[in-house]
Amino acid sequence: MMDVEAQIEQWRRFLARHPAITDDDAEEMEGHLRDQIDALNDAGLSPDEAFLVSVKRMGAHDAISREFAQEHSERLWKQLVTPGTAARAHRRGIPAMLAFAVAAAVVVRAGIAVLGQDRAVANAPLALAPLVCYLAWTRRLSPTAWVAVGGAAASTALLLNLYPFADAGVTRGIAAAHGAVVMWFVVGVAYAGGEWRPARRRMDFIRFTGEWVIYLALLALGGGVLVGLAAGVFNAVDVDPATALGSWIVPMGAAGATIVAAWLVEAKQSVIENMAPVLTRVFSPLTVLLLGAVIVAFAVNAARLDANRDLLVVMALLLVLVLGLWLYAVSAREPLAAPGTFDWILLALLIGALIVDAIVLTSMVSRIAEFGLSANKVSALGLNVVVLVNLVRSAWLCGGFLRGTRPFATIERWQTDYLPVYAAWAALVMVVVPPVFGFV
């Protein structure tokens, strides 16, 4: 029944996206769907069979939308006459968004001024704190949820600043990198309105993450042009642009952009939802080709992999990229659609990533056996193992879906259930690795 519950959640979410259907409508229709499923279960059908038959009886999403459009024509007419209702709601949120963006910029600049450039970089994960506050404010978090997200953010801040890191050590950077992961999960709790346990909320957060990254990249491209023009102006008047750009414009602009990107995700949701499937279908095949080229390169010149630490780091980053692309592809896919060519491409993506991960893990174990453990090796090895487990299970479930033995909802459920593992691993590394290796 767990798989059926996941399918019902997906059915309702995609149904509710149509403007002709309100939350109350979706609630009513879900009740009818569940009644039919229960009746078919009593008649002897399995839960999966009962779900498929019930959905078939209720009709396709478009047919349901047309039915509701006819029954609620006066509501649709109001939407057509005043199409800017949702847009105006987002516009009313612009002052708050701008206020949080300015606050984020000020907080980052104050951090640089108080802590200095190097310490501020080590505290970079805390730049997400204003985004947490913004999402918590828009979601109207309960006091209990406020305490939870505030406590997690405060604990991260205390750890990054109270641990006696060596000035030129690597553990500070390791703690900062994993602290950023922890803070992003704090963002996720705030985005979910404190309701992190439902799988639907976690899948929404995965989708939000991908869309937020897209908008942030677009803002970065535009900001890069402005920064280049500003540098040209400063040089023309014999003013060193390094201080103004490095200590003021770039960090403050980046901090404000995190808030603006979050606002854009919801204000322009229909636009990005149309863009997401296109992006995944373009970059997934290209990434498969890239993984194939990497595997061939390893086969031709395997010796360099064992001796090249920088290459191992690049491969670890490549695996993180593949994992992010896979998660985004899962979140952007229509869960009730039949298996198709693109799903085979995703399976090839997973298999390619598995091969690369196995090669990297073998090389890491070889380096540890030869040179011993270090903070970098432990954190990188653990990350690869965590990613490997997800890739293996994902490939197995994807293969079952393509064979028709599993619904796509099982893949989504696995991804959402596995998310806390990343947060737990990041927190473990941030807390344990620096003291174990003497904060150097």
Side-chain angles (χ1 to χ4, degrees), residues 3 6-15 17-18 48 51-52 55-56 60-62 199-200 202-215 217-218 265 269-296 318-357 387-388 390-419:
D3 290 342
Q7 293 180 71
I8 292 175
E9 287 180 1
Q10 294 299 324
W11 176 84
R12 173 170 173 165
R13 184 167 71 243
F14 281 90
L15 181 69
R17 287 183 179 180
H18 197 283
D48 285 339
F51 171 79
L52 293 175
V55 170
K56 184 68 174 178
H61 294 170
D62 290 342
R200 176 172 56 86
R202 280 175 277 170
M203 182 54 71
D204 288 341
F205 176 60
I206 292 175
R207 189 174 294 106
F208 166 80
T209 299
E211 296 167 0
W212 182 83
V213 169
I214 291 174
Y215 275 121
L218 294 175
V265 169
Q269 191 172 27
S270 61
V271 176
I272 199 66
E273 283 177 355
N274 292 331
M275 187 188 303
V278 175
L279 291 175
T280 56
R281 289 179 181 275
V282 169
F283 285 100
S284 295
L286 294 177
T287 308
V288 170
L289 294 176
L290 174 60
L291 291 173
V294 169
I295 294 171
V296 172
L318 176 60
L319 290 173
V320 172
L321 173 64
V322 170
L323 181 62
L325 182 60
W326 160 249
L327 287 173
Y328 194 39
V330 170
S331 69
R333 189 191 187 282
E334 176 69 50
L336 300 179
T341 303
F342 183 66
D343 298 299
W344 287 100
I345 294 176
L346 291 179
L347 180 59
L349 179 72
L350 293 173
I351 294 174
L354 276 171
I355 296 173
V356 172
D357 199 359
V387 171
L388 179 66
N390 189 11
L391 291 175
V392 169
R393 180 63 175 169
S394 297
W396 176 262
L397 293 177
C398 188
F401 170 66
L402 290 170
R403 293 192 305 271
T405 60
R406 297 178 183 273
F408 191 79
T410 59
I411 300 177
E412 291 186 326
R413 174 70 67 174
W414 166 250
Q415 302 309 320
T416 56
D417 288 347
Y418 201 73
L419 281 181

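Since the structure is predicted, the reported quantities are computational estimates derived from the model, not experimental observations.
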Practice prompt. Given side chain to side chain contact (heavy atoms under 4.5 Å, CB included), test Val322 with Asp357 step by step and report yes or no.
Written response: CA-CA 11 Å; Val322 170; Asp357 199 359; over 6 Å; no
Worksheet item: Trp326 and Val330: side chain to side chain contact (heavy atoms under 4.5 Å, CB included), yes or no, with the steps?
Response: CA-CA 6 Å; Trp326 160 249; Val330 170; 3.6 Å; yes
Discussion item. Please determine whether side chain to side chain contact (heavy atoms under 4.5 Å, CB included) holds for the pair Ile214 and Val265, giving the CA-CA distance in whole Å, both sets of side-chain angles, and the decisive distance to 0.1 Å.
Written reply: CA-CA 9 Å; Ile214 291 174; Val265 169; over 6 Å; no
Discussion item. Determine whether Thr209 and Leu327 satisfy the following criterion, side chain to side chain contact (heavy atoms under 4.5 Å, CB included), listing intermediate values before the conclusion.
Written reply: CA-CA 10 Å; Thr209 299; Leu327 287 173; over 6 Å; no
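One N or O on the side chain of Ser331 and one on the backbone of Tyr328 form a donor-acceptor pair closer than 3.5 Å. Between the side chain of Arg202 and the backbone N or O of Thr416, at least one donor-acceptor pair lies under 3.5 Å. Formation of a donor-acceptor pair under 3.5 Å by the Thr405 side chain with backbone atoms of Gly400 is found in this model.
The distance from the OG1 atom of Thr410 to the CD atom of Gln415 is 10.0 Å, given to the nearest 0.5 Å. Rounding to the nearest 0.5 Å places CG of Leu319 at 11.5 Å from CG of Asn390. A distance of 10.5 Å separates CH2 in Trp414 from CG in Leu419, rounded to the nearest 0.5 Å.
Residues Phe408 and Phe401 approach most closely at N-CD1, 3.6 Å, considering heavy atoms. Heavy-atom minimum distance, Val282 versus Pro285: O-CD, 3.4 Å.
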Show me the side-chain donor-acceptor pairs of residues 338-355 shorter than 3.5 Å, one per line, residues at least two apart or across chains.
| unit_1 | atom_1 | unit_2 | atom_2 | d |
| --- | --- | --- | --- | --- |
| Asp343 | OD1 | Arg333 | NE | 2.8 |
| Asp343 | OD2 | Arg333 | NH2 | 3.0 |
| Asp343 | OD2 | Gly340 | N | 2.8 |

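Checked against ring-ring contact (aromatic ring centres under 6.0 Å, His included), Phe205 has the following partners two or more places apart in sequence or in another chain: Trp184, Trp196.
Using a 4.5 Å cut-off on side-chain heavy atoms (C-beta onward), Val294 and Leu318 make contact.
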